[in-house]
Protein chains: 2
Amino acid sequence: MTTDFNSFFQSAITVDNVIFGFDGQDLKVLLMKRGEIPYMDDWALPGHFVKQEEDLTSAAARILEELTGLRSVYLEQVKTFGKAGRHPMGRVMTVAYYSLININAFEIRPAFIAKKATWFKVSDVLKTSLAFDHKEILVACIDRLKVKVKTQPIGFELLSEKFTLTQLKQLYESVLQHQLDKRNFRKKILSMKILIDLQESQEGVAHRPAKLYSFDSERYNRLIEDGLHFDISYPAMLA
Amino acid sequence: MTTDFNSFFQSAITVDNVIFGFDGQDLKVLLMKRGEIPYMDDWALPGHFVKQEEDLTSAAARILEELTGLRSVYLEQVKTFGKAGRHPMGRVMTVAYYSLININAFEIRPAFIAKKATWFKVSDVLKTSLAFDHKEILVACIDRLKVKVKTQPIGFELLSEKFTLTQLKQLYESVLQHQLDKRNFRKKILSMKILIDLQESQEGVAHRPAKLYSFDSERYNRLIEDGLHFDISYPAMLA
DNA sequence: AATACTTAGTGTACACTGTACGCATTCTTT
DNA sequence: AAAGAATGCGTACAGTGTACACTAAGTATT
C-alpha cells in the first residue's frame, strides 16, 4: 500500500526570491550569476532547495538572510511554478516569493560576493532572458507587486525610514510604470493622514530641501479599522 | 556531487482544490469524506498527488474533472502550503487552487460517490474543522475569491448562462458577506454595459418574473481595453 | 551681492459618480 | 377582484477624482 505512494516522494522543492529595491530612481531587482550547470554564467533569481525539515516561509527567509543579512523584511508568496520539464535535474517545483528591502540599508554578504550578486533595473531585465523560467517568475512577482502596492502600504518598505514626498511619488511611478500628478498625489497621500511630519528637511541637496516624513503604521492600522481605503490607483492621475 | 542533491528529491506534491458553487442562495464548497487514514471519515478538500510527469495546472484540472466531469472551468492557483509537519506520511507540499462552477450544470461522478462528495455552505464549514490544514487552505481561497470577484468578472462562472440581476446580486452578497443596495447595484452593473438583455423572462415563479441576462465576455474585453474599471467594491453600498 | 537655477510646495473649479432613498409595475395566488 | 411578492425605475446630494500654473526656498554661479 505504502509502496504505491513512494513513487510520489521523488520531487524537489525550491524557493526563488525576487528581491526588489529602489534607488530613488528606478525599481531594481537583485540577481545572481550562476556558478554551476545548468545555466552556468547566466543570471538567475536567488533561490535554493527547501530542506527536508524546513518550512516554506523559513526557506524563503533563509535565502534572503544569507544573501543580504536582512531579517524580518517584507516577504510575500506569489505563485508556484511546476511545469514538468522546467528543471533538467528532475522534478523540481519552485515557490516564488518576493521581498521588499531598503536598498541603502544593507550590504551583500561576503559569502555571496564570490557568486556575484548585482542590482539590475527591472525594466532592463525584462528585455533580457534569465536562467530556467526565472523571467516568468519575475514577471509574476512584478504583476503582484503592482497590484499590491496600490492597496497596501507596502511601498514604504522600499524606502528609508525618512523620506520625502517626491521620493514616494518617484517610487510609485517606477513600480506602476506611469507618471503621477504631483499635486494630486500629495493631496491624496496627505489626506490619508498616515504620514508623520518629522519637522526636518533634506540636507546636502542643491536646491530647496524637501520636508521629511515617515510612515505611521500604528495610525494606519487604527484608520483601517475605521474604514480607511488605502488606494493609489488613479485611473487618470496620469500627468 | 549529485548525491548531495538526491536528498532533496524526497518530497511529494499534492494539489487541493476548493470547488465553489452557488445555489442561488449561499456560496457552497464541495467536500469529500475521506475513506482512508490519516483523517479517516473526516471531511476534506478534493485533492491528489501530482504525478511525476504532470504539470501542476493539469493536476488541478484532472482532479476537478475526475470529480465533476467538468473541463475548462475557471481555475486559479492561490497559495502553496508547506509547513514541515503538515502531512504524517512525509514531506508533502500542497498547492491550493480554487475553481468556480455552475452548481446546476453537473453531477458528481459515480467513481467518487463511493467516497461521498457533498456541497456545504461555506459559512457552515468555517465553523467546523477539516482534515489536515484544509481549513486554512479554504480560508485562503475564500479570501482570494473575495478580492478577485470585486475586480474581475468571474462571478458569472458560478451562475447559469442566463441569470437575473437579483441572482447576480445575491451571488455578490453571499461571496462578499454583506448586503448591497438593490437600485445601486443594478445601476452599477447595467452602466458597465457588459450584460446582454436576452429579452426573455423567468418562468415558473410565483411573482413578477425577472428579465434574463447573460454576460457578454467579448464586449467586456473590448471595454477593458478602452479603460473600463470593473469594480463592485462599494464601501458603503451596504443596504 | 545679484542672478540664474533647481526642486518644493500650494489651491481652485468642474465633472463625475458613489450614495441614500420610495414608489409604481407586473405577475401569481386566493 | 383583491392581496401578495418581487421587479424595476429616478432623483437629489455630497464627496472626490481630475485638470491645471504659479510662487517659495534653497543652492550654485558670476
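Model, not experiment: these values are computed from the prediction. Chain letters run A, B, ... following the sequence lines, proteins first, then strands; residues in each count from 1.
If you check the side chains of B:Asp26 and B:Ser123, you find no donor sitting under 3.5 Å from an acceptor.
As rounded to whole Å, 10 Å separates atom P of C:dG9 from atom NE2 of A:His207. Between the C1' atom of C:dT7 and the NZ atom of A:Lys169 lies a distance of 11 Å, rounded to the nearest Å. Between A:Gln167 atom CD and C:dT7 atom P there is a gap of 13 Å when expressed in whole angstrom units. Atom C1' of nucleotide C:dG18 and atom CZ of B:Phe185 are separated by 15 Å, given to the nearest angstrom. In this structure, the NZ atom of A:Lys211 is 9 Å from the C1' atom of C:dG9, given to the nearest Å. Across the protein-nucleic acid pair, B:Glu203 atom CD and C:dT28 atom P stand 10 Å apart, rounded to whole Å. Whole-Å rounding puts the B:Gln179 CD to C:dA20 P distance at 14 Å. Taking atom OH on A:Tyr213 and atom C1' on C:dG9, their separation rounds to 9 Å, with Å as the unit.
The heavy-atom pair separating B:Leu212 from B:Thr164 by the smallest distance is CD2-CG2, 3.8 Å.
B:Gln167 has its side chain out of reach of B:Leu171: every pair of non-hydrogen atoms, C-beta onward, lies at least 4.5 Å apart. Using a 4.5 Å heavy-atom threshold, the side chains of B:Leu180 and B:Tyr172 count as touching.
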Using a cut-off of under 3.5 Å, enumerate the N/O to N/O pairs linking the protein to nucleotides 22-24 of chain C.
{"from": "C:dG22", "atom 1": "N7", "to": "B:Arg183", "atom 2": "NH1", "distance (Å)": "2.9"}
{"from": "C:dG22", "atom 1": "O6", "to": "B:Arg183", "atom 2": "NE", "distance (Å)": "3.3"}
{"from": "C:dG22", "atom 1": "O6", "to": "B:Arg183", "atom 2": "NH1", "distance (Å)": "3.1"}

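Within a 6.0 Å radius of CD in B:Glu161, other residues, nucleotides and ligands contribute 12 heavy atoms or fewer. Applying the 6.0 Å contact sphere to NZ of B:Lys169 captures more than 12 heavy atoms from other residues, nucleotides or ligands.
Checked by distance alone, B:Asp181 brings no side-chain donor or acceptor within 3.5 Å of a matching partner on the base of C:dA20. Under 3.5 Å, the side chain of B:Lys187 and the base of D:dT11 form at least one donor-acceptor pair of N or O atoms.
Using a 4.0 Å heavy-atom distance criterion, B:Thr166 is classed as a sugar-phosphate-only contact.
Relative to the six-membered ring of B:Phe81, B:Lys79 meets both conditions, a distance below 6.0 Å and an angle of at most 45° to the axis.
Considering only side-chain atoms of B:Lys188, the nucleotide from D:dA28, C:dG18, D:dA5 that sits closest is C:dG18.
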